[in-house]
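Some notes on the structure that comes next.
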Amino acid sequence: MCRLQPHPYYGRVSLAHFTSRRRRPQGTHGHRLGSMAAKKLRRARLSQELCERLSRHQITTCQDFLCLSLLELMKVTGQSYYDVQKLLCRVSRACAPKMQTAYEMKLRKSVNSSSAFLSTTLHSLDKVLHGGVPCGSLTEITSPPGCGKTQFCIMVSVLATLPVSMGGLDGAVIYVDTESAFSAERLIEIAGNRFPTYFDSDEKLFCMTRSIHLYRELTCGSVLKRIMSLEEEIISKKVKLIIIDSVASVVRKEFDTKLQGNLAERSNFLARGASVLKYLAEEFSIPVILTNQITTSLSNGPAIQADLVSPADDLSLSEGASGSGKKESGCVTAALGNTWSHSVNTRLILQYHDLPTRQLLVAKSPVAPFSAFFYTIEKSGLVLQDGKDQTNLTWEGTNPALQTIRVRNTALKDTLPDAALPSATD
Amino acid sequence: MQREVGSLPLAPALRAKLVAAGFQTAQELLETGPCGLSKELGISKEEALEALQVVRQECPGDVARTAGGSGITRKCTALELLEEEQAQGSIITFCSALDSILGGGVQLTKITEICGAPGVGKTQLCMQLAVDVQIPECFGGVAGEAVFIDTEGSFMVDRVVDIATACVQHCQLIAEAHQEEDHLKALETFSLESILSHIYYFRCRDYIELLAQVYLLPDFLSEHSKVRLVVVDGIAFPFRHDFEDLSLRTRLLNGLAQQLIIIAHDHKSAVVLTNQMTTRIGQNQSTLVPALVSWLPRCAASSCHSKCRRY
């Protein structure tokens with residue numbers, strides 16, 4: 001099976017058509033990160049004799065116990081209805097989450113309020129998001145190729161390593177790179193230009209670069225394995241930020257949704273990855289940033305003016321396409337489907353405006369309304385353009401899963417610099 | 001009293017012995033008495049007594065048989081039921097359009113399902129309901145507490161603080177406009193702190209924790225008898241991935257639905273569930289439908305938000 005190397009220039013990658021493969025969801029079914037399901041019944045304070053009897057029927061974990069119906073449990077334990085109900089309560093108590101009131105949660109938050117957000121140093125954005133990229137939840141950055149996703153990720157990695165007094169998290173960063181788009185030179189350039197007074201010596205720069213741990217993963221399986229192994233690394237390396245750039249590229253390489261069964265397996269993989277990442281984010285109270293690509297949503301809705309860049313490659317079957325050859329009215333939206341849109345908590349969309357200005361939209365956020373900002377990419381990373389006239393923007397939000405994204409004009413594609421390299425202007 | 005021995009909730013071994021000894025109805029068991037039973041079956045007198053007590057609990061009287069104290073099978077006329085339903089309060093949301101669609105608010109003793117596309121505001125609505133259930137009776141609320149079971153991790157305390165503050169202010173404005181004695185008294189206890197302290201939050205990471213929590217919910221609700229709202233945010237989410245055995249999933253979901261129906265009825269609380277939307281691929285087109293569609297018939301009211309404005 002041919003392995004496609006990620007091409008550094010986005011938009012020119014043509015997806016090879018793999019032959020149909022039924023991919024089995026990887027990872028052992030028993031090991032669930034951070035869950036109580038795999039807890040052995042012994043630890044649920046059941047009597048030794050009962051545990052032995054149950055293990056003869058292959059029931060060893062709480063998960064096995066709770067999945068059985070009452071009649072099956074009666075048969076297996078040999079006890080009466082009411083006794084089995086009491087047993088169920090006992091096992092449930094071993095598995096159930098702890099109760100906390102909303103008041104306790106608020107008190108806990110106000111005690112360590114400094115680590116509730118990672119400030120992006122884009123002031124208007126931080127204000128709208130009530131502080132910045134939220135800790136403990138998943139944030140997704142979606143955009144057409146070349147808009148600045150990787151730039152944003154590199155910039156945020158620098159910010160996470162800064163001391164708390166400067167708005168950072170004073171910790172290490174885990175950067176999972178699936179497209180080989182990370183550039184260490186750009187990292188140093190951004191750091192040096194954004195915080196010239198802080199990074200005044202080479203020593204400080206090297207210290208910062210030492211805390212950014214880069215992992216190159218090229219397949220879905222290896223990405224998932226890497227995510228599952230992060231728990232120990234976070235503790236040992238004192239990691240305060242996880243970035244995965246990008247989820248969409250590995251997934252779309254390996255799952256061709258036109259083939260039977262692949263759509264379900266893709267959702268399965270994404271849901272599993274999302275739940276592990278959510279667990280890590282919540283357990284350690286750190287932000288997790290993921291990047292996503294765009295796709296063409298061919299619905300029978302009104303036509304949106306969007307210049308489509310090779311729509312044949314990006315057809316998302318789940319939105320319905322009766323024939324790829326026909327000219328359908330469609331719109332460009334975030335890739336990876338509906339289920340993924342449910343899994344992320346915050347979604348930021350980057351899109352083109354008038355070059356070199358681009359636009360950043362807050363499309364989905366539990367604390368922020370729908371907002372838009374203009375920015376450009378410069379030596380110091382992303383720079384917001386405050387005060388630019390934004391009266392012609394619509395301030396209503398639409399369905400974030402179908403939020404339309406402006407893609408750059410095909411004609412200009414070749415004359416523009418790529419995302420991986422800094423802009424040649426300024 | 002003609003209840004068959006095989007249907008009694010006794011231990012399987014004991015049941016097998018009874019059937020082998022030729023007992024057919026519960027009446028026969030009661031007539032034999034504990035000593036006779038123990039001699040015939042070869043079990044100890046204590047075991048026989050226990051079995052008889054179970055039988056008596058199951059079939060208490062000769063006249064109208066009612067199942068154990070759960071009150072599921074009751075006899076009443078439709079008029080009584082109508083009066084009862086109308087007397088039932090509902091949770092108002094202070095949003096008149098929504099309240100009128102739902103017929104006065106989110107109804108108690110019923111299950112309401114809210115499904116919608118991502119980001120449309122399902123969790124926001126649930127957080128608002130968790131605050132609104134606590135509105136004192138003099139303002140039209142039900143003065144209850146809320147249980148919030150979160151499977152997706154989208155519960156934001158800061159947002160609840162905002163909503164609660166706004167709700168308290170709203171009530172204060174009403175009190176100022178009407179200047180009634182009980183309004184002011186109610187406002188003394190209706191503060192941000194008390195609202196937050198009466199939202200009981202459970203974070204369930206996977207379906208096992210969700211199942212376990214719902215098993216324990218009746219006991220929790222008996223201890224906290226003022227709870228009038230149970231929110232399960234993301235009922236579909238833990239079941240949607242990593243489930244190879246689809247029949248097990250259906251069975252677990254049905255069991256969950258039954259338990260929630262019982263909880264809603266017994267504790268006179270509203271149960272609100274949120275569901276995701278998924279794409280159903282048809283022949284020529286695809287539509288957005290709520291996930292795990294077979295779930296729907298069990299819910300009393302189900303409102304779909306699709307492509308609505310966020311602010």
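This one's a predicted model, so the numbers in the text were calculated from it and none came from an experiment. All chains are named by letter (A, B, ...) in the order of the sequence lines, taking the proteins before the strands, and each is independently numbered beginning at 1.
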Which heavy atom of [X] sits nearest a heavy atom of [Y], and at what distance?
X      : Y       : result
P12(B) : M74(A)  : CG-O, 3.3 Å
L66(A) : I208(B) : CD1-CG2, 3.9 Å
L68(A) : R251(B) : C-NH1, 3.9 Å
C89(A) : L216(B) : O-CD2, 3.6 Å
P97(A) : F202(B) : O-CD2, 3.9 Å

Which residues satisfy the side chain to side chain contact (heavy atoms under 4.5 Å, CB included) test with R203(B), sequence neighbours excluded? K278(A), E282(A), D150(B), Y201(B), R205(B)
Is it true that the side chains of Q63(A) and Y207(B) contain a donor and an acceptor less than 3.5 Å apart? yes
Contact check, side chains of H198(B) and Y103(A), non-hydrogen atoms, under 4.5 Å: no
To the nearest 0.5 Å, what is the distance between [atom1] on [X] and [atom2] on [Y]?
X       : Y       : atom1 : atom2 : value
S137(A) : E152(B) : OG    : CD    : 12.5 Å
T101(A) : L196(B) : OG1   : CG    : 8.0 Å
L192(B) : K106(A) : CG    : NZ    : 5.5 Å
S92(A)  : D219(B) : OG    : CG    : 9.5 Å
N345(A) : M156(B) : CG    : CE    : 5.5 Å

With only heavy atoms counted, which part of [X] is less than 4.5 Å from chain A, the side chain, the backbone, both or neither?
X       : value
S154(B) : both
F148(B) : neither
L10(B)  : backbone
V160(B) : neither

Region of T77(A) that comes under 4.5 Å of a non-hydrogen atom in chain B: neither
All pairs passing salt bridge (charged side-chain N to carboxylate O under 4.0 Å, His left out) where residues 223-237 of chain B contributes a residue, at least two apart: none
Does OH in Y81(A) sit with more than 12 non-hydrogen atoms of other residues, nucleotides or ligands closer than 6.0 Å? no
In this structure, are over 12 heavy atoms from other groups packed under 6.0 Å from E283(A) atom CD? yes
Against chain A, work out which of D158(B), I195(B), L211(B) has the most heavy-atom pairs shorter than 4.5 Å and name it. D158(B)
Quick one, Y215(B) with Q85(A), criterion side-chain contact (heavy atoms from CB on, under 4.5 Å). Give me CA distance, side-chain angles, the key distance, then yes/no. CA-CA 9 Å; Y215(B) 276 131; Q85(A) 279 189 323; over 6 Å; no
Closer than 3.5 angstrom, by distance alone: can the side chain of Q124(B) be matched with the main-chain N or O of P366(A) as a donor-acceptor pair? yes
Shorter than 4.5 Å, heavy atoms on both sides: which option in S80(A), G78(A), P134(A) has the most such pairs with chain B? S80(A)
Stepwise, does the side-chain contact (heavy atoms from CB on, under 4.5 Å) test hold for S275(A) with D206(B)? CA-CA 9 Å; S275(A) 72; D206(B) 58 16; over 6 Å; no
